Amino acid sequence: QVQLVESGGGLVQPGGSLRLSCVASGGIFSIYFMGWYRQAPGKQRELVGLITSGTANYADSVKGRFTISRDNANNTVYLQMNSLKPEDTPVYYCCANVQTISTRTENYWGQGTQVTVSS
């Protein structure tokens with residue numbers, strides 16, 4: 001059973017930094033891409049960024065402030081968040097497109113980690 005577990009969320013002041021981590025485990029043959037989404041209460045989930053083996057792409061709202069990196073050996077993706085703003089607050093979700101050991105390819109989601117940007 002594939003599982004994604006996020007960590008690193010918490011309270012940070014505006015202008016501060018935070019790094020989120022997501023580890024995938026269980027029945028994984030390979031991971032084609034990993035990424036981050038976020039969702040505020042009452043709003044739809046939005047893309048923050050995605051990373052493949054070669055490239056990373058970001059939403060316009062976070063370009064220049066957030067950086068996605070990937071540790072393929074440990075099935076881990078990171079989101080380094082700098083110059084944080086109050087509008088960067090909500091829950092952040094990790095996602096991964098995974099080929100399992102049974103050869104099926106599926107999208108998986110973590111449970112989310114809360115980020116709060118406030119003075």
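These numbers were taken from a predicted model, which means no experiment stands behind them. Positions are given from 1, in the same order as the sequence printed here.
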With a 6.0 Å cut-off (strictly less than), is the heavy-atom count around [atom1] of [X], excluding the residue itself, greater than 12?
{"X": "E106", "atom1": "CD", "value": "yes"}
{"X": "I101", "atom1": "CD1", "value": "no"}
{"X": "E87", "atom1": "CD", "value": "yes"}

Point to revise | Ring-face cation contact, Y93 with R45, 6.0 Å cut, 45° max | key: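 Here R45 passes the 6.0 Å and 45° test against Y93.
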From [atom1] ([X]) to [atom2] ([Y]), nearest 0.5 Å:
{"X": "R19", "Y": "F66", "atom1": "CZ", "atom2": "CZ", "answer": "14.5 Å"}
{"X": "N57", "Y": "I51", "atom1": "CG", "atom2": "CD1", "answer": "9.5 Å"}
{"X": "I68", "Y": "M34", "atom1": "CD1", "atom2": "CE", "answer": "10.5 Å"}
{"X": "M81", "Y": "L18", "atom1": "CE", "atom2": "CG", "answer": "4.5 Å"}
{"X": "L50", "Y": "Y58", "atom1": "CG", "atom2": "OH", "answer": "10.5 Å"}
{"X": "C94", "Y": "L79", "atom1": "SG", "atom2": "CG", "answer": "9.5 Å"}

Answer yes or no: is there a donor N or O on one side and an acceptor on the other, between the side chain of [X] and the main chain of [Y], under 3.5 Å?
{"X": "E6", "Y": "Q111", "value": "yes"}
{"X": "T113", "Y": "G9", "value": "yes"}
{"X": "Q99", "Y": "R104", "value": "no"}
{"X": "N74", "Y": "T76", "value": "no"}
{"X": "R65", "Y": "S83", "value": "yes"}
{"X": "Y32", "Y": "S53", "value": "no"}

Check your understanding: For V91 and Q114, what are the C-alpha separation, side-chain angles and deciding distance, and is it a side chain to side chain contact (heavy atoms under 4.5 Å, CB included)?
Key -> CA-CA 4 Å; V91 177; Q114 177 72 58; 3.3 Å; yes
Review point. Are S118 and P86 close enough that some pair of their side-chain heavy atoms sits under 4.5 Å apart?
Key: no
Exercise for review: Let me see the working for W36 and L20 under side chain to side chain contact (heavy atoms under 4.5 Å, CB included), right down to the final yes or no.
Suggested key: CA-CA 10 Å; W36 293 93; L20 306 183; 3.6 Å; yes
Exercise for review: Report the C-alpha distance between Q80 and S17 in whole Å, list the side-chain angles of each, state the deciding distance to 0.1 Å, and finish with yes or no for side chain to side chain contact (heavy atoms under 4.5 Å, CB included).
Suggested key: CA-CA 7 Å; Q80 178 66 48; S17 298; 4.0 Å; yes
Check your understanding: If you look at every heavy atom in L4 and A24, which pair is closest and at what distance?
Key ->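 Distance-wise, the nearest heavy atoms are CD2-CB, 3.1 Å.
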Check your understanding: Under 6.0 Å between the ring centres of W109 and Y37?
Key -> yes
Exercise for review: Answer with yes or no whether the hydrophobic clustering places L47 together with F33; edges join I, L, V, M, F, W, Y residues whose side-chain heavy atoms lie under 4.5 Å apart.
Suggested key: yes
Practice item. Flag yes if V77 and V2 sit in one hydrophobic cluster, no otherwise; membership is Ile, Leu, Val, Met, Phe, Trp, Tyr, and two members link when side-chain heavy atoms are under 4.5 Å apart. Key: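 Per the 4.5 Å side-chain linkage, V77 and V2 are co-clustered.
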Practice item. Output, in order, the C-alpha distance, side-chain angles, deciding distance and verdict of salt bridge (charged side-chain N to carboxylate O under 4.0 Å, His left out) for D60 and K63. Key: CA-CA 5 Å; D60 290 340; K63 286 182 179 178; 3.1 Å; yes
Exercise for review: Scan side-chain atoms only and decide if S102 and T100 contain a donor-acceptor pair under the 3.5 Å cut-off.
Suggested key: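 Side chains of S102 and T100: pair found under 3.5 Å.
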Practice item. Verify the distance criterion only: is there a donor paired with an acceptor across the side chains of Y92 and R38 at less than 3.5 Å? Key: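 Their side chains do contain a donor-acceptor pair, which is all the 3.5 Å distance test asks for.
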